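Here is the structure we will look at, set down as structure tokens.
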Protein chains: 2
Amino acid sequence: MTHLRGADLAQRGVAPDCVQTIELVRDVLARVGDKWTLLTITVLASGPLRFTALHEQVAGISQRMLSQTLRALTRDGLVTRTAYPEVPPRVEYALTPLGRSLSEAVDGLVHWVRSHQGDIVRNRDEFDQTPAAKTAASPHA
Amino acid sequence: MTHLRGADLAQRGVAPDCVQTIELVRDVLARVGDKWTLLTITVLASGPLRFTALHEQVAGISQRMLSQTLRALTRDGLVTRTAYPEVPPRVEYALTPLGRSLSEAVDGLVHWVRSHQGDIVRNRDEFDQTPAAKTAASPHA
DNA sequence: CTGTATCCTAGTTGATACTG
DNA sequence: CAGTATCAACTAGGATACAG
């Protein structure tokens, strides 16, 4: 994430507490909205999985990104990582209660998107097929 | 967004309809989670504003990014752009009903973050202050 | 098996300057 | 005022090779 640090907001005179919250909100939102997190969480929602299984089920992810995504989720306490001291190694990832809770909160947004995806697609098409017309202006008097 | 196009999922044999939905969900999530959209929507939630006003109220955003963010939101039908044919030009941006609706859906997530931010911060601290211990392994038998 | 290290490219952002 | 154009960082992501 390239996201601005609190300093940017702070220097505008915003209260520190509020800054921290805004920052964290965006941080979480950004993580959920990033390229792989949502898919990973969704896949994990059906049950614990080991690294390789995740690598297969999260379509198209690279080892690098999977590892990175899982570490971020683990760090936030959304996912547990359990390594069994065997050889070859076995590591299982699972959603924590907090992770499941987030997953449910995200579901709200997912449902919103589902129920409004028609509108969005329509709006985009309309917008894209208006090359000349540009944005109309209607003087309100 | 660098996000993968449907092809990546499709080539794994996922149903086209589902792919499109997943893609759009992540697309919307990514937009909401990006560096500026959430702030912009939040600011617009209190009422219509013109370009310069937004530029001032969305702390730290550049003209380029503001313009870009607003166009994306307008394209999706989340924001209206009204240009008054005056000189100097005046352009007002406002949330559409769809935009407000999204804003409310996002609020759910925002509240989740607010009520769990303590946990998250705690988890991060704990994770970061465990340099040696690494992830513990508990053989279950 | 489960990662990490390295390299490389493509996309994203910010600063700056300029236009209608 | 409300943007767009251009350029220079910067970053994220994939591929590959390697390690524990």
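If you're wondering where the values come from, they're calculated on a predicted model, not measured in any experiment. No hydrogens, no waters, no symmetry mates; every other heavy atom, side chains included, goes into these values. So that the names make sense, note that chain A is the first sequence line, chain B the second, and so on, each numbered from 1.
Distance, A/D34 CG to D/dT11 P: 17 Å, rounded to whole Å. Distance NE2 (B/H55) to C1' (C/dA15): 11 Å, rounded to an integer number of Å. Between the P atom of D/dA2 and the OH atom of B/Y84 lies a distance of 12 Å, rounded to the nearest Å. Taking atom CD on B/E92 and atom P on D/dC1, their separation rounds to 15 Å, with Å as the unit. Rounded to whole Å, atom P of C/dC1 lies 14 Å from atom CG of A/L54. Taking atom CD1 on B/I61 and atom P on C/dT12, their separation rounds to 16 Å, with Å as the unit. Nucleotide D/dA2 holds its C1' atom 15 Å from the CG atom of B/L49, rounded to whole Å. For the pair B/L70 CG and D/dG3 P, the computed distance is 8 Å after rounding to whole Å.
The side chain of B/M65 sits closest to C/dT13 out of C/dT13, C/dT2, D/dG3. Of the candidates C/dT2, C/dG14, D/dT4, the closest approach to any side-chain atom of B/R71 belongs to D/dT4. In this structure, the nucleotide among D/dG3, C/dT2, D/dC1 sitting nearest to the side chain of B/Q63 is D/dG3. In this structure, of D/dA2, C/dT4, C/dC1, it is D/dA2 that holds the atom nearest to the side chain of B/V91. Comparing C/dC1, C/dG3, D/dG14 by their nearest atom to the side chain of A/S62 picks out D/dG14.
DNA chain D is contacted by both B/A53 and B/R64; B/A53 maps to the nucleotide lying nearer its 5′ end (nearest heavy atom per residue).
Under 4.0 angstrom from either OP1 or OP2 of C/dT13 there lies at least one side-chain N or O belonging to B/Q68. For the pair B/Y93 and D/dC1, the criterion of a side-chain N or O lying under 4.0 Å from OP1 or OP2 is not met. Look at B/W36 and you won't find any side-chain N or O under 4.0 angstrom from OP1 or OP2 of C/dT12. Phosphate contact (OP1/OP2 of C/dT2, side-chain N/O of A/R90, threshold under 4.0 Å): absent. For A/S67 and C/dT2, the shortest distance from a side-chain N or O to OP1 or OP2 is not below 4.0 Å.
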Name every donor-acceptor pair, under 3.5 Å, that has one atom in a side chain of residues 94-102 of chain A and the other anywhere in the protein, sequence neighbours excluded.
unit_1 : atom_1 : unit_2 : atom_2 : d
A/T96  : OG1    : A/G77  : O      : 2.7
A/T96  : OG1    : A/L78  : O      : 3.2
A/T96  : OG1    : A/L98  : N      : 3.3
A/T96  : OG1    : A/G99  : N      : 3.0
A/S101 : OG     : B/W112 : NE1    : 2.5

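Residues forming a side chain to side chain donor-acceptor pair (under 3.5 Å) with A/S103 (at least two apart in sequence, or on another chain): none. In this view, B/E86 and B/R90 satisfy the side chain to side chain donor-acceptor pair (under 3.5 Å) rule, not counting sequence neighbours. Considering only residues two or more places apart in sequence or on other chains, A/D119 meets the salt bridge (Lys or Arg N to Asp or Glu O under 4.0 Å) condition with A/R122.
Residue pairs satisfying the salt bridge (charged side-chain N to carboxylate O under 4.0 Å, His left out) criterion with at least one member in residues 65-77 of chain B, sequence neighbours excluded, are listed as follows: A/R124-B/D76, A/D128-B/R75, B/R31-B/D76.
Rounded to 10 degrees, the angle separating the terminal axes of the helix from C/dC1-D/dG20 to C/dG20-D/dC1 is 40°, with each axis obtained from five end pairs.
Here the side chains of B/V25 and A/L38 are in contact, with some heavy-atom distance below 4.5 Å.
For B/P48 against B/E92, the heavy-atom pair with the smallest separation is CB-OE1, 4.1 Å.
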**OP:** Output, in order, the C-alpha distance, side-chain angles, deciding distance and verdict of side chain to side chain contact (heavy atoms under 4.5 Å, CB included) for B/H55 and B/I61.
**Re:** CA-CA 7 Å; B/H55 193 199; B/I61 196 171; 3.8 Å; yes
